Amino acid sequence: MRNRIEALKKEKNAVIMAHYYAPAEAQEIADFVGDSFYLAKVAKESDADVIVFCGVNFMGESAKILCPDKKVLMPDLSADCPMAHMVKEGKIDEMRERFSDLAVVCYINSTAELKCQSDVCVTSSNAVKIVRALPNKNIFFIPDRNLGRFVASEVPEKNIILNDGCCPIHADVSAVSVKAEVEKHPDALVLCHPECEPEILEFSDFSGSTAEIIDFAKKSDKKEFIICTEEGVAFKLRNDNPEKNFYFPSPCPVCKDMKLNTLENILKVLENDENQVEVSADTRTGALLPLDRMLELGK
Ligand code: 13P
Ligand code: SF4
């Protein structure tokens with residue numbers, strides 16, 4: 001399968017992009033592996049004709065919005081992020097009516113329709129920087145209440161209104177299970193994704209995006225880490241640091257949608273140009289603005 005994928009990549013001028021939560025076999029064969037911000041930037045800058053995006057729908061959709069002339073293929077179109085839909089209809093309008101200077105800040109983990117109603121997109125690696133740079137005092141942060149709360153703690157000068165959405169995988173990481181790991185490995189540092197609940201962030205030594213967690217572990221002189229995010233990051237962590245140990249809270253956080261990016265599915269879509277991501281012209285125009293603003297402010 002690997003040889004066939006490599007040959008098809010050359011033949012079609014295709015690149016494979018994979019998020020750190022994709023299965024190891026996808027990360028291994030990908031040309032670019034990274035967090036959501038990195039992948040959006042790379043998609044925009046790529047001169048490939050075809051992008052096979054091993055992630056979930058909002059990632060493929062963002063790539064298509066940023067590069068409408070490229071074919072964007074998803075190994076499985078049913079790979080969706082439940083949090084991407086978690087804003088109640090009418091909520092954004094209601095907030096805009098209530099606060100005249102409101103900025104709607106939209107985590108990139110959201111549908112294109114939600115992006116269309118937003119002023120700027122952010123990812124977990126640039127949310128603090130971008131919110132701080134906005135001229136608006138009142139911010140409606142959608143859809144993730146946990147990342148929103150994290151941003152609010154870092155940017156206290158803003159009034160951040162939270163929305164009641166969350167990532168079910170990160171929200172399931174319990175303080176009890178993390179504490180159990182801390183007891184087993186008292187020298188380990190706790191590194192967590194800001195999509196985790198606030199009590200996890202409170203006793204973490206570091207919170208950041210997947211790429212930031214990976215970078216932190218590499219630069220640290222510590223040898224043991226408890227990782228509070230989806231288990232896909234273990235592939236890069238263990239490859240980069242064979243001398244270090246990485247533990248996950250139990251049950252290990254697994255995003256089943258990300259795991260649909262199998263080698264078999266990658267080959268299938270490359271062979272038949274199947275599972276193309278489509279975005280209507282109107283949606284693209286509306287969603288491009290906040291995405292471009294993110295790329296500009298996040299530089
Ligand atoms: P990052 O890789 O940007 O930290 O995103 C985490 C995530 O949940 C993606 O689905
Ligand atoms: Fe969505 Fe959570 Fe899966 Fe990321 S880990 S894609 S936020 S469900």
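All figures in this text were calculated on a predicted structure; none of them were measured in a lab. Counting convention: from 1, in listed order, for ligands and their atoms alike.
Of the N or O atoms in Ser209, none lie within a sub-3.5 Å distance of an N or O in ligand 1. For Asp35, no nitrogen or oxygen atom sits less than 3.5 Å from a nitrogen or oxygen atom of ligand 1, counting backbone and side chain alike. Remark: ligand 1 and His170 share no N or O pair separated by less than 3.5 Å (distance only, no angle test). Any N or O atom pair closer than 3.5 Å counts here, and Thr123 shares no such pair with ligand 1.
Using a non-hydrogen distance threshold of 4.0 Å, Glu195 registers as a contact of ligand 2. At least one heavy atom of Met59 sits less than 4.0 Å from an atom of ligand 1. At least one heavy atom of His19 sits under 4.0 Å from some atom of ligand 1. Within the 4.0 Å heavy-atom cutoff, Ser125 does not count among the residues contacting ligand 1.
For atom 7 (C) of ligand 1, the nearest non-hydrogen atom from the set Tyr20, Tyr38, Tyr21, Phe37 belongs to Tyr21.
Within the 4.5 Å cutoff, no side-chain heavy atoms of Asp292 are placed close to those of Glu296. Here the side chains of Met1 and Ile29 are not in contact, with every heavy-atom distance at 4.5 Å or above.
Under a 4.0 Å N-O distance rule, the pair Lys12/Asp273 qualifies as a salt bridge. The pair Glu230-Lys256 fails the salt-bridge criterion, with no side-chain N (NZ, NE, NH1 or NH2) lying under 4.0 Å from an Asp/Glu carboxylate O. For the pair Lys268 and Glu264, the salt-bridge criterion is not met [side-chain N within less than 4.0 Å of a carboxylate O]. With respect to Glu231 and Lys259, a salt bridge is recorded, a charged nitrogen being found less than 4.0 Å from a carboxylate O. Salt bridge status for Lys64 with Glu61: absent, with no side-chain N to carboxylate O gap under 4.0 Å. The pair Asp164-Lys91 does not count as a salt bridge, with every side-chain nitrogen at least 4.0 angstrom from each carboxylate oxygen.
Summarising the geometry of Asp80 relative to Pro82, their closest heavy-atom pair is O-CD, 3.6 Å, with the distance given to 0.1 Å. Residues Met258 and Pro23 approach most closely at O-CD, 3.3 Å, considering heavy atoms. When every heavy atom of Phe58 is checked against every heavy atom of Ser62, the shortest pair comes out as O-OG, 2.7 Å.
Counting only N and O atoms by type, the side chains of Tyr247 and Glu224 include a donor and acceptor under 3.5 Å apart. When only modelled atom types and interatomic distance are considered, Asp101 and Asn136 share no side-chain donor-acceptor pair under 3.5 Å.
Residue-ligand proximity, Ser124 to ligand 1, at heavy-atom distances under 4.0 Å covers atoms 1 (P), 3 (O), 4 (O).
With hydrogens left out, the protein atom closest to atom 8 (O) of ligand 1 is Glu195 OE2, 3.0 Å, a heavy atom. Here the protein heavy atom with the shortest distance to atom 10 (O) of ligand 1 is Asn109 ND2, 3.4 Å. Protein heavy atom at the shortest distance from atom 5 (O) of ligand 1 is Ser36 OG, 3.3 Å. The nearest heavy-atom contact from the protein to atom 4 (Fe) of ligand 2 is Tyr21 CE1, 3.9 Å. With hydrogens left out, the protein atom closest to atom 6 (C) of ligand 1 is His193 NE2, 3.3 Å, a heavy atom.
With a 4.0 Å heavy-atom cut-off, ligand 1 is reached by no atom of Ile108. When heavy-atom distances to ligand 1 are checked against a 4.0 Å cut-off, Glu230 has no atom that comes that close, whether in backbone or side chain.
Listed by chain and number, the residues in a ring-ring contact (aromatic ring centres under 6.0 Å, His included) with Tyr21 are His19 (sequence neighbours excluded).
Inside a sphere of radius 2.8 Å centred on atom 1 (Fe) of ligand 2, the protein N/O/S atoms present are Cys81 SG.
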